[in-house]
Protein chains: 2
Amino acid sequence: MPETPRRAVGISGNRYGNRPTMKDVAARAGVGLKTVSRVVNGEPGVTPETERRVQEAIDALGFRRNDSARVLRKGRTATVGLVLEDLADPFYGPLSRAVEEVARAHGALLINGSSAEDPDREQELALALCARRVDGLVVIPAGDDHRYLEPEIKAGVATVFVDRPAGRIDADCVLSDNFGGAREGVAHLVAHGHRRIGFIGDMPRIHTAAERLRGYRAAMEDAGIAVEDAWMSLGATDPGRVRRAAEEMLTGPAPVTAVFSGNNRVTVTVIRVLAEQSRRTALVAFDDLELADLLQPGVTVVAQDAAAIGRTAADRLFRQLDGTLIAPERIEVPTRLVTRGSGELPPAD
Amino acid sequence: MPETPRRAVGISGNRYGNRPTMKDVAARAGVGLKTVSRVVNGEPGVTPETERRVQEAIDALGFRRNDSARVLRKGRTATVGLVLEDLADPFYGPLSRAVEEVARAHGALLINGSSAEDPDREQELALALCARRVDGLVVIPAGDDHRYLEPEIKAGVATVFVDRPAGRIDADCVLSDNFGGAREGVAHLVAHGHRRIGFIGDMPRIHTAAERLRGYRAAMEDAGIAVEDAWMSLGATDPGRVRRAAEEMLTGPAPVTAVFSGNNRVTVTVIRVLAEQSRRTALVAFDDLELADLLQPGVTVVAQDAAAIGRTAADRLFRQLDGTLIAPERIEVPTRLVTRGSGELPPAD
DNA sequence: TAGGGCCTGGACAACGTTGTCAGATGCGGG
DNA sequence: CCCGCATCTGACAACGTTGTCCAGGCCCTA
């Protein structure tokens with residue numbers, strides 16, 4: 001028997017491309033609407049015989065429950081939103097995947113959105129997600145004012161900020177120990193005899209960049225080294241800018257003998273520049289990179305565990321939804337110094 | 001005036017944490033429901049004075065439209081789904097981001113889901129997305145039978161398969177030229193004097209792995225080389241398996257003098273193994289890697305453009321939704337051989 | 001001043017589902 | 001033989017929005 005083409009003559013008016021609804025299933029099975037609902041949701045109170053009839057109708061019609069309607073009725077979407085900077089950045093892939101896994105364990109799906117480091121876009125995205133009534137929101141802030149989320153949080157949207165703290169509101173945060181990590185990394189260079197150490201980082205308005213710079217300054221101060229302005233360069237992470245910054249530091253009468261790179265985007269360019277130099281310059285980088293151990297020399301890094309951060313954040317999100325969590329907290333995830341060679345080079349002069 | 005706490009005594013019954021609805025806004029502004037709807041959607045036919053009153057009420061109550069209800073009414077969710085293998089894989093991050101950008105240009109959001117290369121999970125995910133009535137679906141297949149999507153496609157869900165073709169249904173596909181790319185890569189090794197060339201790839205049931213193997217065989221045949229079984233190893237991409245495979249090929253009386261790596265996960269392990277060997281073995285790898293140019297020697301790769309693939313797929317998706325597209329097509333995106341040194345090493349014996 | 005057209009605003013139904021509640025059915029015991 | 005109870009089933013309202021349609025008021029013209 002050829003399947004009946006439901007895509008009728010053009011009348012119908014049923015959107016969703018003429019999809020069958022529970023009503024259609026009910027009619028076909030000769031039962032009430034609610035009975036279909038019960039079967040679909042595996043609720044008790046349906047005779048096997050009835051269930052069989054309903055199931056048959058479902059299969060015959062190719063029915064699939066419309067979760068939009070369900071959501072409207074139930075009030076929970078089983079969806080969480082993740083606003084990050086750029087999914088193409090290798091730091092965020094694993095983070096997103098970790099959030100997804102936790103969500104999956106709670107039966108929820110994940111909507112990803114990239115803010116491209118633009119505060120307006122972050123807000124637009126976060127609010128669009130709220131309009132869809134996501135149950136929770138994980139935000140990697142681009143902006144520094146998140147009061148726009150206050151009504152949403154009050155209305156019950158679980159919210160966790162990651163990688164950078166929330167601005168001007170009190171909320172859960174999961175952060176790396178940026179300050180401590182950078183300090184440790186720079187101290188490592190100092191311990192190997194360096195005094196003129198450069199710092200190349202992201203834009204200073206970004207919290208992580210500022211914290212890592214602070215860590216750099218602290219380590220230098222610990223060592224009793226007066227930092228010169230020419231040793232520090234903060235700005236966009238595009239290769240051109242980073243390249244110029246690195247080249248400037250490496251030339252002149254008193255070039256730096258070591259560089260601390262504040263971010264994985266910066267690192268890849270710095271490595272390229274250093275590879276071109278005749279003099280060997282030491283390097284410690286914030287964030288691990290794939291293959292970093294295979295370069296000559298291996299790149300010493302301050303590693304963050306993106307997956308652990310994502311997992312922690314998502315856990316907290318769902319605990320907020322459970323009601324297990326009361327007060328917002330700031331959680332710091334430790335970093336780990338991984339020595340591979342580039343950080344152990346002695347000063348070249 | 002302190003804002004009225006709508007989180008009332010526990011009665012109310014309003015889910016969504018007591019959110020105000022258009023009805024509340026209408027009551028407060030002293031207008032009809034539809035007028036609020038008009039204001040919210042920027043529809044014409046509202047006097048500036050009325051609009052002001054409504055806007056005031058919206059702000060005062062912190063109203064935000066419930067898109068779940070909107071979706072139910074309108075039949076379009078402005079959401080697309082992307083089922084991929086693993087967002088943590090550096091190949092998929094850029095791909096996902098590209099899909100997201102195109103979706104964003106069409107006012108849509110993106111739900112990502114990882115199948116972890118498990119066909120059942122792929123199906124579960126894809127169908128869950130359909131239940132949410134995504135407008136379209138981009139699928140990177142894990143399984144090889146996609147008939148389960150037939151009713152959905154018939155019901156109007158735009159669908160594009162990426163990276164691997166759809167199984168047993170006729171649908172749009174966007175693929176890399178896996179066969180041609182691998183053939184070119186292996187031919188490159190042959191051209192540099194190699195005859196005993198190994199192939200290490202992903203599980204053979206995966207289309208890309210099979211195609212790349214086919215490309216390998218073709219190139220070998222072109223060169224009149226009889227391939228020995230010991231030169232080929234297909235299987236999981238976990239480091240242990242790959243390491244054993246590589247080490248086997250590289251030992252014995254007639255070890256391979258060059259390796260073709262069929263996938264980026266495989267490549268990182270192969271590079272590690274080769275780096276440990278005393279003998280220099282040539283390498284060409286399918287898929288580019290960050291920093292591949294900085295290794296010693298630089299890794300010669302057959303590069304795929306993940307972003308272009310994602311963009312192409314998403315474009316087609318929205319053209320399906322426009323109705324611009326009629327017949328399913330299979331689009332092949334060319335690969336590009338990038339020579340960096342590892343592929344140009346001569347045979348070591 | 002009456003009539004007609006235009007503009008604004010609002011009542012109402014509908015989208016597809018689930019929760020509530022009451023009705024129907026069957027069975028066993030008094 | 002009838003009643004009561006347990007089990008199964010279905011009618012109906014509600015979720016929050018948007019599309020349809022009509023009412024009323026205004027202005028302009030004859």
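A note on names: the letters A, B, ... follow the listed sequences, proteins ahead of strands, and every chain is numbered from 1.
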Nearest whole angstrom, please: distance from the P of D/dT9 to the CD of A/Glu49. 9 Å
Rounded to the nearest Å, what distance is computed from the CG atom of residue B/Asn66 to the P atom of nucleotide D/dA14? 18 Å
Under 4.0 angstrom, heavy atoms only, what part of the nucleic acid is A/Arg65 near: base, sugar-phosphate, or nothing? sugar-phosphate
Suppose we call a contact any N or O donor and acceptor under 3.5 Å apart; does that hold for the side chain of B/Arg38 and the base of C/dG10? yes
Report which part of the nucleic acid A/Gly45 touches: base, sugar-phosphate, or nothing (heavy-atom distance under 4.0 Å, all strands). base
Describe the nucleic acid contact of A/Val40 in one word from base, sugar-phosphate, nothing, applying a heavy-atom distance below 4.0 Å. nothing
Can you tell me if the side-chain N/O atoms of A/Thr35 get under 4.0 Å from OP1 or OP2 in D/dG10? yes
Do A/Glu56 and A/Arg52 meet the salt-bridge criterion of a basic N to acidic O distance under 4.0 Å? yes
Start with the C-alpha distance between B/Glu122 and B/His146, add both sets of side-chain angles, then the distance that settles side chain to side chain donor-acceptor pair (under 3.5 Å), and finish with yes or no. CA-CA 10 Å; B/Glu122 172 212 303; B/His146 296 94; 3.0 Å; yes
Heavy atoms under 4.0 Å, any strand shown: does A/Asn41 hit a base, just sugar-phosphate, or nothing? sugar-phosphate
Test for a donor-acceptor pair under 3.5 Å between the base of C/dG16 and the side chain of A/Arg70, counting only N and O atoms. no
Please give me the minimum heavy-atom distance between B/Asp135 and B/Thr77, naming the atom from each residue. OD1-N, 3.1 Å
Identify which nucleotide among D/dG16, C/dT17, D/dG10 has an atom closest to any side-chain atom of A/Met22, counting heavy atoms from C-beta outward. C/dT17
Nearest whole angstrom, please: distance from the P of D/dG10 to the CZ of A/Arg53. 8 Å
Atom-pair distance (CZ on B/Arg133; P on D/dT17), nearest Å: 21 Å
Between C/dG19 and A/Lys34, counting only base atoms on the nucleotide and side-chain atoms on the residue, is there a donor-acceptor pair under 3.5 Å? yes
Rounded to whole Å, CG of A/Leu33 lies from P of D/dA13 at a distance of 14 Å
Between C/dG16, D/dT9, D/dG16, spot the one nearest the side chain of A/Ala69, thanks. C/dG16
Hey, is A/Arg64 close enough to B/Glu152 for a salt bridge, meaning N to O under 4.0 Å? yes
Counting only side-chain nitrogens and oxygens, does B/Ser37 get under 4.0 Å of the OP1 or OP2 atom of D/dT18? yes
Short N-O contact, A/Glu329 and A/Arg316, less than 4.0 angstrom: yes
D/dT9 P sits how many Å from A/Lys23 NZ, rounded? 21 Å
In terms of side-chain heavy atoms of B/Glu43, which of D/dG19, D/dC15, D/dG16 is nearest? D/dG19
Euclidean distance, atom NZ of residue A/Lys74 to atom P of D/dA13 [Å, nearest integer]: 21 Å
Using a cut-off of less than 4.0 Å, is there contact between a side-chain N or O of B/Thr47 and OP1 or OP2 of C/dG9? yes
By the definition side chain to side chain contact (heavy atoms under 4.5 Å, CB included), identify the one residue from A/Leu87, A/Leu125, A/Val138 that meets it with A/Asn112. A/Leu87
Atom pair distance, as rounded to whole Å: CG in B/Leu61 and P in D/dG16: 14 Å
Does B/Val46 or A/Asp67 map to a spot on DNA chain C nearer the 5' end, using the closest nucleotide for each? B/Val46
